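The shown structure was predicted, so the numbers you read here are calculated from the model rather than taken from an experiment. Because only heavy atoms are used, hydrogens play no part in the values below, and waters and symmetry mates are left out as well, while side chains stay in. Counting starts at 1 for both ligands and their atoms, in listed order.
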Amino acid sequence: MKSNRLMNQIGARLGLFTATTAAILWAGCGQQSKPVTGGPSASGGAPASTPGATKAGYTVGFAQVGAESSWRTAETDSIKGEAEQRGVTLKFSDAQGKQENQIKAVRGFIAQGVDAIILAPVVETGWEPVLKEAKQAGIPVVLVDRGLKVADESLYATLIASDFVAEGRMAAEWLVKKTGGKASIIELQGTPGAAPAIDRKKGFEEGLKEHVDMKIIASQSGDFRRSVGKEVAEALLKVHGTKVTAVYAHNDDMALGAIQAIEEAGRKPGVDVIVVSIDGVKGAFEAMVKGTLNCSVECSPLLGPLAFDAVEKALAGVELPKKTIVDDQVYDTTTAKDVIDSRKY
Ligand code: GYE
């Protein structure tokens with residue numbers, strides 16, 4: 001099996017395991033779930049890589065969702081940059097938001113005999129067959145930024161992502177405080193079926209549960225895109241008019257689109273309509289400094305170092321926790337100006 005050969009090489013380089021030990025560990029990769037905290041710093045800085053990580057000439061296929069948001073572009077840059085720094089040959093695929101394209105890309109990587117695959121799954125379900133194919137070929141799959149649902153967790157090595165439910169809850173808690181517990185909210189959801197869309201909705205609703213005057217009056221998908229966020233906000237503002245006092249967007253790009261729509265509707269974003277979103281991208285910090293966006297919950301896309309640390313460990317047969325949770329922080333108009341210059345994405 002080709003992965004045995006590679007694990008042999010990497011294992012020898014790392015001096016951690018014999019090839020046999022490594023092969024046994026990976027083959028029995030039904031590791032238990034063990035959430036650990038770690039990751040990008042509060043100011044969006046990259047996490048430190050494992051000291052002494054191998055500089056291997058191995059090949060990784062990265063099946064990316066697409067380029068729907070500035071967050072996504074920053075994640076792509078982080079993974080490409082880290083591959084280059086480590087001397088890893090990276091095969092990159094942009095699925096243009098379509099799961100079928102992503103599945104094809106993963107199959108292509110398997111056929112090309114890559115050593116490992118990094119996958120950012122566009123939606124949560126439908127991955128079993130292709131992940132089984134990767135496992136059969138002995139190719140470890142590291143999931144980044146979005147989780148997926150499979151009955152058999154040994155089909156992937158690990159997931160490195162933020163806690164999206166917690167992000168939604170933080171956005172809700174911030175909004176409750178800001179509005180004194182009374183608001184008529186438009187929710188702009190992410191891509192239907194995507195882990196961050198499902199969980200950010202859930203967390204937000206949980207955060208509003210005790211507050212009867214916090215009402216979501218409309219909730220629709222804006223597909224994590226600025227242009228769609230704007231269109232949807234425009235339509236909803238037409239229907240609900242001045243009743244709308246707040247917008248909650250599952251990402252900054254949609255919030256920035258909604259801000260334009262609010263302005264075009266003759267209202268003041270950040271004042272007449274409170275806007276809260278998630279990601280903490282540069283454009284969001286600029287809008288917070290201007291006062292048009294009120295709050296953004298950070299979600300770091302700088303996952304390259306953690307992703308390749310995980311790939312190298314998986315290839316060396318090191319047992320990985322099923323999930324590594326990246327820390328997130330809340331920023332708003334009062335704190336944004338102090339940190340905007342140190343933001344890395
Ligand atoms: O928040 C959004 C992007 O999966 C965490 O996807 C990611 C999300 C991110 O398009 O901007």
Side-chain angles (χ1 to χ4, degrees), residues 39-40 44 62-79 94-99 101-102 118-125 127 142-149 156 159-171 187-204 221-230 232 247-259 275-287 293 295-304 306-307 323-331 343-345:
F62 175 30
Q64 177 60 297
V65 171
E68 74 283 358
S69 62
S70 22
W71 188 99
R72 183 71 47 203
T73 314
E75 185 196 44
T76 297
D77 291 348
S78 173
I79 299 223
D94 174 333
Q96 312 211 312
K98 294 206 175 78
Q99 184 180 30
N101 292 346
Q102 254 190 324
I118 298 177
L119 169 65
V122 58
V123 290
E124 282 189 335
T125 55
W127 295 101
V142 168
L143 304 177
V144 288
D145 97 67
R146 292 184 183 180
L148 48 72
K149 290 207 178 342
Y156 61 90
L159 162 68
I160 300 159
S162 290
D163 180 342
F164 302 133
V165 176
E167 290 173 347
R169 215 179 294 123
M170 287 191 261
E187 179 183 27
L188 298 175
Q189 298 178 37
T191 304
I198 296 166
D199 291 350
R200 287 172 183 170
K201 177 163 189 53
K202 186 171 173 236
F204 190 72
S221 172
D223 200 28
F224 283 130
R225 293 170 195 277
R226 185 175 180 146
S227 58
V228 187
K230 178 172 185 265
V232 173
V247 169
Y248 164 51
H250 290 189
N251 82 343
D252 289 338
D253 286 65
M254 292 189 294
L256 295 173
I259 286 169
V275 186
V276 52
S277 62
I278 298 174
D279 275 357
V281 298
K282 215 22 172 281
F285 273 82
E286 284 161 7
L293 175 69
C295 170
S296 183
V297 179
E298 179 187 48
C299 174
S300 179
L302 307 176
L303 303 177
L306 287 174
K323 184 167 185 185
T324 295
I325 298 168
V326 175
D327 273 340
D328 298 313
Q329 287 214 3
V330 180
Y331 292 98
R343 299 294 299 173
K344 302 247 169 20
Y345 66 95

Taking a 3.5 Å cut-off between nitrogen or oxygen atoms, can you list every pair linking ligand 1 to the protein, with distances?
residue  : atom   : partner : partner atom : Å
ligand 1 : 1 (O)  : Arg200  : NH1          : 2.8
ligand 1 : 1 (O)  : Arg200  : NH2          : 3.2
ligand 1 : 1 (O)  : Asp279  : OD1          : 2.6
ligand 1 : 1 (O)  : Asp279  : OD2          : 3.4
ligand 1 : 4 (O)  : Arg72   : NH2          : 3.1
ligand 1 : 4 (O)  : Asp145  : OD1          : 2.5
ligand 1 : 4 (O)  : Arg146  : NE           : 2.7
ligand 1 : 6 (O)  : Arg72   : NH2          : 2.9
ligand 1 : 6 (O)  : Arg146  : NH2          : 2.9
ligand 1 : 10 (O) : Glu68   : OE2          : 2.4
ligand 1 : 10 (O) : Ser69   : OG           : 3.0
ligand 1 : 11 (O) : Ser69   : OG           : 3.1
ligand 1 : 11 (O) : Asn251  : ND2          : 2.9
ligand 1 : 11 (O) : Asp279  : OD2          : 2.6

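Using a 3.5 Å distance cut-off with no hydrogens or angles, the side chains of Ser69 and Asp252 do not pair a donor with an acceptor.
Nearest heavy-atom pair across Arg343 and Glu298 is NH1-OE2, 3.0 Å.
The side chain to side chain donor-acceptor pair (under 3.5 Å) search around Asp163 returns none, not counting sequence neighbours. Listed by chain and number, the residues in a side chain to side chain donor-acceptor pair (under 3.5 Å) with Arg146 amount to none (sequence neighbours excluded).
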Distance-only donor-acceptor pairs under 3.5 Å for side chains of residues 188-197, two or more places apart:
residue : atom : partner : partner atom : Å
Gln189  : NE2  : Ser219  : OG           : 2.7
Thr191  : OG1  : Asp223  : OD1          : 2.8

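Between Glu167 and Arg200 there is a salt bridge, since a side-chain N of the basic residue sits under 4.0 Å from a carboxylate O of the acidic one.
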